[in-house]
Amino acid sequence: MTESSSALNPKEQPRIIIDCDPGVDDAMAIITAARWADLVGITSVAGNVPLEHTTANACRIRDLLGLDIEVHAGAERPLTGAQEFATEVHGETGLGNLVLPEPTRGPDSKDAVSWLLETTKHEEGLHLVPIGPLTNIALALRADPSMISRVASITLMGGAALGIGNVTAAAEFNVYADPEAADEVFRSGAPLTMLGLNLTHQVRMGSVHGRECATYGTPVGDAMAELLEFYSVFHLAEEETEDGPVHDPCAVLAVTHPHLFRFSARPVYVEVEAIHTRGMTVVDERGPRAEGPLNCNVAYGAESETLVDLVMQAVREA
Ligand code: BDR
Ligand code: CA
């Protein structure tokens, strides 16, 4: 499928801020957003790799895509507790084997939280799309809880329904890396949408897509091919599959193409206390018997092939 003919013009595209920790799939999400969203800016957070790398990578991807937007560096560590990285999935510097030129321009500030607050005051109705640990978002909500009424949504990649985990049996990386921050965000009353592992495991890309990207003969096509190759090697070794879930682009596409997803409102809690389930998102699936507020739209299903096509189209047209 191609959406070129029906592509929204920039003014009609949802205006989003990406809060990220690039990150192989974060890079894919930014590429996707550059095509399908009106990207207002990027904030970085420590997560897959230390902040120094996630911020530099965000600036490198800005250059790669020729984006005229600001990048603001955020939190260097979680609110409390030990720091977790995911270098085994993303490589030591965060983009696998992809080596992009040094950024032509560094971050526009080291105060992502102030920028988030100012930007959402200046313009109401923005979508926040966090695709890393939720530290920056929690700090912004602590500083100004009223931000929840100014944003159209907080549409995040993190957690999972149905008890799926990746870092541990019960926890997904972005929530596990800062459970206290996630807990504050999920209890904030913000209009939340969660793209968890139960959804992202349905949206997969691998070396077949990488080889196609390499045929585009463009810098973005070459970069995507390299990212997918690294990803495929990891998934082949870990799970004996040729492809892997492209987590973070799902959050972008849930904002730009919500009709391709199936959501249900659920009470969702973050486990912060337990030993075996710390960082788990507990989703109450009991329907009418569920307790607590329906604080989150949880994604359960998606037209996966169309989503992959949209990511590929974003690469092709970059
Ligand atoms: C999430 O964790 C990170 O490693 C990925 O970038 C994604 O945001 C998946 O659990
Ligand atoms: Ca990420």
Side-chain angles (χ1 to χ4, degrees), residues 16-33 42-51 53-58 60-61 71 74-75 78 83-96 98 112 128-137 154-179 181-182 185 193-205 224 227-228 230-232 234-235 238-239 243-255 270 278-281 298-299 307 311:
I16 74 170
I17 294 172
I18 291 188
D19 181 67
C20 59
D21 59 338
V24 168
D25 57 329
D26 301 74
M28 297 176 188
I30 298 169
I31 293 169
T32 304
I42 297 175
T43 50
S44 63
V45 64
N48 289 320
V49 288
L51 182 69
H53 292 309
T54 61
T55 305
N57 288 340
R60 290 184 177 103
I61 299 161
V71 171
Q83 190 151 28
E84 295 288 331
F85 298 118
T87 46
E88 70 287 1
V89 189
H90 300 270
E92 285 301 318
T93 56
L95 296 180
L98 175 62
L128 302 187
V129 182
I131 53 176
L134 287 156
T135 322
N136 289 340
I137 308 299
I154 298 180
T155 301
L156 63 96
M157 190 284 131
L162 311 175
I164 304 169
N166 57 6
V167 186
T168 69
E172 179 281 331
F173 177 79
N174 289 339
V175 175
Y176 186 78
D178 196 344
V185 172
T193 295
M194 177 172 104
L195 286 296
L197 297 176
N198 61 297
L199 186 286
T200 63
H201 281 183
Q202 302 170 34
V203 184
R204 309 180 73 89
M205 295 176 79
M224 186 73 173
L227 292 171
L228 281 167
F230 186 84
Y231 214 48
S232 304
F234 170 79
H235 284 285
E238 289 287 308
E239 294 161 13
D243 56 14
V246 283
H247 307 283
D248 291 343
C250 293
V252 171
L253 292 169
V255 175
V270 177
R278 178 166 158 81
M280 179 181 186
T281 47
V298 178
L307 297 183
V311 175

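Order of listing sets the numbers, starting from 1, for every ligand and every atom in it. Along the sequence shown, residues are numbered consecutively beginning with 1.
The shortest N/O to N/O separation between Gly132 and ligand 1 does not fall below 3.5 Å. Below 3.5 Å of separation, one finds an N or O of Glu172 facing an N or O of ligand 1.
Ala29 approaches Ile18 most closely through the heavy-atom pair O-CD1, 4.2 Å. Heavy atoms only, all atoms of each residue included: Thr155 and Ala254 are closest at CG2-CB, 4.0 Å. Minimum interatomic distance between Leu307 and Leu253 (heavy atoms only, all atoms of both residues): O-CD1, 3.8 Å.
Less than 4.0 angstrom separates some heavy atom of Asn166 from each of these atoms of ligand 1: 9 (C), 10 (O). Listed by number with element, the atoms of ligand 1 under 4.0 Å from a non-hydrogen atom of Phe173 are 2 (O), 3 (C), 4 (O), 10 (O). The atoms of ligand 1 that sit less than 4.0 Å from any heavy atom of Met157 are 1 (C), 7 (C), 8 (O), 9 (C).
For atom 8 (O) of ligand 1, the nearest protein heavy atom (residue, atom name, distance) is Asp248 OD1, 2.6 Å.
Residue Asp248 approaches the Ca ion (ligand 2) most closely through its N/O/S atom OD2. Nearest N, O or S atom of Asp21 to the Ca ion (ligand 2): atom OD1.
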Stepwise side-chain contact (heavy atoms from CB on, under 4.5 Å) check, Ile30 with Cys20: CA-CA 9 Å; Ile30 298 169; Cys20 59; 4.1 Å; yes
Working note: His90 + His53, criterion side-chain contact (heavy atoms from CB on, under 4.5 Å); need CA distance, chi angles, decisive distance, verdict. CA-CA 11 Å; His90 300 270; His53 292 309; over 6 Å; no
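In this structure, Tyr176 places its OH atom where only 12 or fewer heavy-atom neighbours from other residues, nucleotides or ligands lie under 6.0 Å away.
At least one heavy atom of Asn48 sits closer than 4.0 Å to an atom of ligand 1.
Contacts with ligand 1 closer than 4.0 Å are made by side-chain heavy atoms of Asp26 only, the backbone lying farther away.
Closest heavy-atom approach to atom 6 (O) of ligand 1 among the candidates Val49, Val24, Asp25: Asp25.
Within the coordination shell of the Ca ion (ligand 2), defined by N, O or S atoms under 3.0 Å, Asp25 is absent. For the Ca ion (ligand 2), the N/O/S atoms of Ile131 include one lying under 3.0 Å.
Of the options Thr87, Asp26, Thr54, Thr93, a side chain to side chain donor-acceptor pair (under 3.5 Å) to Asn48 is made by Asp26 and by none of the others.
Judged purely by atom type and a 3.5 angstrom limit, Asn136 has no side-chain atom pairing as donor or acceptor with the backbone of Gly74.
A heavy-atom distance below 4.5 Å is not found between the side chains of Val89 and Glu238.
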